[in-house]
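Everything on this sheet refers to the single structure shown next.
Keep in mind that the numbers below use all heavy atoms, side chains included, and drop hydrogens, waters and symmetry copies.
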Amino acid sequence: MAGGGDELKLLNTWFSPFGSRVMLALHLKGLSYEYMEEEDVINNKSQLLLESNPVHKKVPVLFHKGKVLCESMIIVNYLEEAFPDAGPSLLPSDPYERAIAQFWAAFIETKVVQPWVLLLDGTRTREEMSELVKQMLAAVVTLEGALAQCSKGKPFFGGDSVGYVDVALGGLLVWVRATEALFGSLGVNIKFLDAARTPLLAAWAERFASLDAAKVALPDYGRLIKYTMMRRSAAASVLAPNN
């Protein structure tokens, strides 16, 4: 693998979908790195995390030659530029196509990630949660069209190989499935990647999950299900029929 482990270090927690994005990029580009687990990113943040990301106090954090970078897609951009000869390029060389990829990655952040985070925070009313689900489902339908446009009939948003948008969305895949299972346990049937409604995305998700990089970078589904069930009681109180 390119890039010595003494050069790149990643501070992350095992369940972070945003850390998964960075790990995906590192593995796709064949970059060696030292992994550092943040044991309790919610209740007992380490001094290293607080000092290295004093603004947001969140993982992932990448260390490279004494420099610190935060925010998953910013880190992916950095890896692309800092190691241009390592592995396949995640961003297109054409300026227009590069801008389109960055547009859709930003769309995922605002239209999928933001409502999903609100959906799981346990403080929303039933009506608010219903609206957030509608927003996410609408965004997924839009992404179905984006996949058709960007892939041009090929397997991934990046074409024949995984690209920037694939990493942005792919890092969320196991969490999407876990969220479906969480609400299913509460008697609420939600399917974000539905083969009938979004066949291209459903097939894309299967292809992406089978990648070697995805098997390494994405969290274990069974372990994640156990973790998400810890959120169940808060969600149940919101979804109760008499709420």
Side-chain angles (χ1 to χ4, degrees), residues 15-18 20-21 24-25 28 72-73 76 90-92 97-120 124 127-215 217-222 224-225 228 235 239:
F15 59 80
S16 171
F18 311 110
S20 291
R21 289 170 167 176
L24 283 165
L28 288 165
S72 61
M73 296 312 291
V76 172
L90 298 176
L91 278 164
E97 292 183 359
R98 179 181 289 245
I100 293 298
Q102 290 171 330
F103 170 86
W104 286 116
F107 177 88
I108 291 167
E109 211 66 24
T110 57
K111 301 300 183 181
V112 177
V113 172
Q114 289 183 13
W116 170 72
V117 170
L118 294 174
L119 187 67
L120 289 184
R124 308 293 140 184
E127 290 73 21
E128 287 172 334
M129 293 181 78
S130 178
E131 179 57 32
L132 289 166
V133 168
K134 288 178 182 177
Q135 290 176 21
M136 289 181 65
L137 291 173
V140 169
V141 170
T142 301
L143 285 171
E144 174 85 353
L147 177 57
Q149 172 195 348
C150 296
S151 69
K152 300 179 176 65
K154 295 178 179 179
F156 300 102
F157 282 92
D160 287 317
S161 61
V162 170
Y164 190 71
V165 183
D166 297 285
V167 169
L169 187 59
L172 311 176
L173 272 183
V174 179
W175 263 107
V176 168
R177 291 177 58 209
T179 302
E180 292 172 345
L182 172 63
F183 284 97
S185 71
L186 299 171
V188 180
N189 184 25
I190 298 172
K191 190 75 172 174
F192 292 108
L193 297 178
D194 181 65
R197 187 176 63 252
T198 54
L200 295 179
L201 272 178
W204 167 87
E206 293 295 326
R207 284 192 297 271
F208 191 92
S210 68
L211 294 170
D212 289 341
K215 292 175 182 177
L218 300 182
D220 177 75
Y221 176 71
L224 189 60
I225 282 293
T228 58
L239 291 168

**Study point:** Leu182 side chain near Leu120 side chain, heavy-atom distance below 4.5 Å
**Key:** yes

**Study point:** Phe157 and its ring pair (Phe, Tyr, Trp, His ring centres under 6.0 Å) partner, picked from Phe208, Trp204, Tyr164
**Key:** Trp204

**Study point:** Leu24 to Gly170 - nearest heavy-atom pair and separation
**Key:** CD1-C, 4.1 Å

Check your understanding: Roughly how far, to the nearest 0.5 Å, is the CD atom of Gln149 from the CG atom of Leu200?
Key -> 12.5 Å

Point to revise | Beyond-backbone contact of Val165 with Phe107, side-chain heavy atoms, under 4.5 angstrom | key: no

Review point. side-chain contact (heavy atoms from CB on, under 4.5 Å) with Glu128: which residues, sequence neighbours excluded?
Key: Arg124, Thr125

Check your understanding: Which heavy atom in Cys150 sits nearest to a heavy atom in Ile100, and how many Å separate them?
Key -> SG-CG2, 4.2 Å

**Study point:** Side-chain donor/acceptor of Ser20 to backbone N/O of Ala217, under 3.5 Å
**Key:** yes

Review point. Taking all non-hydrogen atoms of both residues, which atom of Met73 and which atom of Ala168 are closest, and how far apart?
Key: CE-CB, 3.8 Å

Check your understanding: Are the side chain of Glu144 and the backbone of Leu201 linked by a donor-acceptor contact shorter than 3.5 Å?
Key -> yes

Exercise for review: Report yes if some heavy atom in the side chain of Ile108 is under 4.5 Å from a heavy atom in the side chain of Leu172; otherwise report no.
Suggested key: yes

Review point. How far apart are the C-alpha atoms of Val112 and Phe192, what are their side-chain angles, what is the distance that settles it, and do they pass the side chain to side chain contact (heavy atoms under 4.5 Å, CB included) test?
Key: CA-CA 10 Å; Val112 177; Phe192 292 108; over 6 Å; no

Review point. Nearest heavy-atom pair of Val76 and Ala25: which atoms, and what distance?
Key: CG2-CB, 4.0 Å

Review point. About how many Å separate CG of Leu90 and CG of Asp166, when rounded to the nearest 0.5 Å?
Key: 9.0 Å

Check your understanding: Does the side chain of Met136 come within less than 4.5 Å of Ile190's, by heavy atoms?
Key -> no

Practice item. May I have all residue pairs that pass side-chain hydrogen bond (donor to acceptor under 3.5 Å, both in side chains) and include part of residues 101-120, sequence neighbours excluded? Key: Arg21-Glu109, Trp116-Thr179

Practice item. State whether the side chain of Arg207 and the backbone N or O of Pro155 hold a donor-acceptor pair below 3.5 Å, judged by distance alone. Key: yes

Practice item. Measure the OG1-CZ distance between Thr228 and Arg177 for me, rounded to the nearest 0.5 Å. Key: 11.5 Å

**Study point:** Considering all heavy atoms, the nearest Lys215-Ser210 contact
**Key:** CE-O, 3.4 Å

Check your understanding: How long is the gap from CG on Leu118 to CE on Met129, to the nearest 0.5 Å?
Key -> 10.5 Å

**Study point:** CD1 on Ile225 to CG on Asp220, rounded to 0.5 Å
**Key:** 10.0 Å

Review point. What are the two closest non-hydrogen atoms of Ala214 and Ala209, and how far apart are they?
Key: CB-O, 4.0 Å

Point to revise | pair Leu193-Leu173: side-chain heavy atoms closer than 4.5 Å | key: yes

**Study point:** Note, Leu119 side chain near Phe183 side chain (heavy atom, < 4.5 Å)
**Key:** yes

Check your understanding: Would you say Arg197 and Leu137 make side-chain contact, with heavy atoms under 4.5 Å?
Key -> yes

